[in-house]
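Every heavy atom of this structure was used, including side-chain atoms; hydrogens, water molecules and symmetry mates were not. We name chains A, B, ... by the order of the sequence lines, and we start the count at 1 in each one.
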There are 2 protein chains.
Amino acid sequence: MNEERFLETLFRRLPRPPGELVVGPGDDCAAIADRDNQLLLIALDQLIGGRHYANENNHANQLEPTPPEAVGRKLLTRNLSDIAAMGGTPTFCLTGFAVSPRHRDRSDWLRRVFEGLLQTAAEYRVHLIGGDLAATDRDDVGSLTILGTVPVAQVCRRTGADPCDLLFATGCFGDSLASGHHLDFSPRLPEGRWLARQGIAKAMIDVSDGLLLDSLRLARASRLAIEMELAAVPLRNPQRPPETAAGDGEDYELLFAVAPQRAPELVERWPFPDTPLTRIGSFQANQKPDILDRRGKSLTTARRLGYDHYRETCGNHAASQ
Amino acid sequence: MNEERFLETLFRRLPRPPGELVVGPGDDCAAIADRDNQLLLIALDQLIGGRHYANENNHANQLEPTPPEAVGRKLLTRNLSDIAAMGGTPTFCLTGFAVSPRHRDRSDWLRRVFEGLLQTAAEYRVHLIGGDLAATDRDDVGSLTILGTVPVAQVCRRTGADPCDLLFATGCFGDSLASGHHLDFSPRLPEGRWLARQGIAKAMIDVSDGLLLDSLRLARASRLAIEMELAAVPLRNPQRPPETAAGDGEDYELLFAVAPQRAPELVERWPFPDTPLTRIGSFQANQKPDILDRRGKSLTTARRLGYDHYRETCGNHAASQ
């Protein structure tokens with residue numbers, strides 16, 4: 001069983017939540033009714049040593065160890081990307097860190113992790129309001145809970161696309177690990193806020209586990225298919241085949257549905273000259289949610305759709321479907 | 001450096017938070033202004049395999065493995081104890097779980113963990129609204145973020161005690177691991193709510209890391225000393241010396257300051273016949289915050305004050321002071 005199916009099965013069993021839970025589990029963030037027609041956004045994500053960053057003393061794979069400041073930065077930025085995908089503004093965070101004994105100087109390593117976390121928090125005006133430290137026998141495991149806010153009328157969910165809507169993406173895809181993008185990306189907060197304020201993104205998700213896998217999640221949420229033009233997908237590394245880049249993951253870009261009549265306005269008024277904006281597909285009614293090529297052939301039967309952090313350790317790289 | 005000092009140093013460096021943060025880091029929960037004169041309470045805590053519960057295949061120490069349902073229960077209840085310490089009512093939770101490959105059947109183990117978590121959530125009317133699953137190379141690491149609510153006027157903080165206030169405690173202390181209490185305790189939510197509503201607890205904390213260590217935290221928050229009558233502390237196991245029991249930790253009891261003139265009312269009206277209520281000391285002005293015996297001798301110079309989950313793995317059991 002993979003993470004997605006495990007959580008889906010779990011979430012189906014949950015009792016009916018109270019009315020103030022406006023967005024329940026299964027989106028990028030949960031959303032709770034707050035004061036002044038705002039929603040409180042909340043999400044939790046983990047960062048695993050040796051998986052999401054290179055460990056110190058990692059002789060096995062000869063990787064340069066990730067600087068601890070970059071570990072702290074990534075712990076926050078990958079959570080900020082979830083706030084961006086809802087059109088929100090981040091506010092507060094809490095973090096738990098279980099530290100490996102393998103660091104040369106554990107206290108110094110952890111101090112530098114928090115150095116990076118706090119610097120990034122200041123950059124995005126997020127306040128750290130709680131934490132817990134523990135120790136593990138082997139891998140570091142960090143977790144961060146991010147809070148944010150968004151006006152009720154503007155919140156972007158995964159659901160909400162209609163047939164004929166166009167699929168747009170920010171930025172470039174693929175090769176995130178090798179290029180270092182997974183450590184130094186800027187979460188698309190201004191872009192997400194702008195799209196939400198303009199009411200342009202009808203459905204939105206952030207691409208963390210791979211373009212194909214996260215597109216499929218977006219398609220499923222609206223029970224539609226997406227016809228994707230893989231050739232149109234902007235690549236971080238043009239040497240990399242698009243179908244590989246689309247499974248790499250850790251892009252932290254936004255993927256969103258736009259009504260065809262609003263597409264010209266989006267392209268014309270897009271106020272982020274440094275952020276590529278590309279139409280990479282369109283939504284279609286279909287018997288089952290899927291990602292199709294131009295000829296209607298499924299792209300999700302590929303061996304590897306994206307990154308399933310839970311399943312990976314079983315040594316099983318099969319598609320998450 | 002221990003967890004407490006690490007976090008204190010960290011928190012001192014944090015920028016001034018916005019006005020809606022009513023209780024910042026360093027208490028059992030942070031508290032954010034919410035609608036209708038309520039505060040949103042939020043806290044994060046971790047649960048480490050082999051530390052907070054016995055692993056499967058743990059040949060080293062011959063412990064019976066903890067049933068996974070009890071792991072899920074404890075992940076939630078120890079967080080509920082933090083809500084209880086603020087006088088709050090829990091509402092929502094999110095959980096991250098990084099699973100060890102050492103379980104005989106990892107999916108089944110995790111399914112049973114969530115079985116226990118969800119059953120406990122239903123028991124306490126808490127809704128699971130988000131989660132993240134990952135895998136580790138060795139130990140399980142779970143984290144849970146708990147949300148709750150409390151009227152602004154009723155919130156109980158660690159700070160607020162005055163000289164001559166009396167120190168009361170719920171329940172019994174010590175021997176939590178051997179007795180299994182750490183797995184099957186009931187967080188003191190009704191007791192905490194009642195104390196908050198009556199305005200009886202002037203300062204409150206939950207005892208998770210040891211009676212002495214958490215008493216010291218309570219004393220420090222009000223810059224007072226506590227004169228503690230160790231002989232009066234109710235023990236779970238009467239065979240265990242009180243000074244040892246006071247360092248065992250994982251009691252998940254409430255410890256709170258009461259004005260002397262309200263103590264008779266507290267004792268008379270205490271509506272929880274199954275929950276022992278004991279006066280175990282009093283607050284005093286002192287040059288430095290400390291826990292003293294009747295003759296004014298410090299009790300915190302003992303070799304082991306309580307449980308520091310971060311420092312323990314260094315093999316250093318010295319007091320956290």
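For B:Ala33, the parts sitting under 4.5 Å from any heavy atom of chain A are the backbone and the side chain alike. Using a 4.5 Å cut-off between heavy atoms, A:Ala43 touches chain B through its backbone atoms (N, CA, C, O) alone. Proximity to chain B (any heavy atom under 4.5 Å) is restricted, for A:Leu14, to the side chain, taken from C-beta onward. If you measure heavy-atom distances from A:Leu118 to chain B, the contacts under 4.5 Å come from the side chain alone.
Note: B:Leu94 leads B:Leu94, B:Asp36, B:Leu40 in heavy-atom pairs under 4.5 Å with chain A. Of the listed residues B:His127, B:Gln46, B:Arg35, the one with more heavy-atom pairs under 4.5 angstrom with chain A than any other is B:Gln46. Of the listed residues (B:Pro15, B:Gly130, B:Pro18), the greatest number of heavy-atom pairs within a distance under 4.5 Å of chain A belongs to B:Pro18. Taking A:Ser143, A:Gly49, A:Gly131, A:Gly96 one by one and counting their heavy-atom pairs under 4.5 Å with chain B, the maximum is reached by A:Gly96. For the set A:Val23, A:Ile32, A:Asp27, the entry with the most heavy-atom pairs within less than 4.5 Å of chain B is A:Ile32. Of the listed residues (B:Leu128, B:Leu147, B:Asp140), the one with the most heavy-atom contacts under 4.5 Å to chain A is B:Leu128.
Salt bridge annotation for A:Arg111-A:Glu115: present, with a cationic side-chain nitrogen under 4.0 angstrom from a carboxylate oxygen.
Residues B:Asp82 and B:Asp206 have side chains in contact (heavy-atom distance under 4.5 Å, counting atoms from C-beta outward).
The local environment of CG in A:Asp105 is crowded, with over 12 non-hydrogen atoms from other residues, nucleotides or ligands closer than 6.0 Å.
Considering every non-hydrogen atom in both A:Leu75 and A:Thr95, the closest pair reads CD2-OG1, 3.3 Å. What you find for B:Ser100 and B:Asp139 is that their closest heavy atoms are CB-C, 3.8 Å. A pairwise comparison of heavy atoms in B:Leu80 and B:Pro90 identifies CD2-CB, 3.5 Å as the closest pair.
Here CG of A:Asp45 is found 11.5 Å from CG of A:Leu76. Values are rounded to the nearest 0.5 Å.
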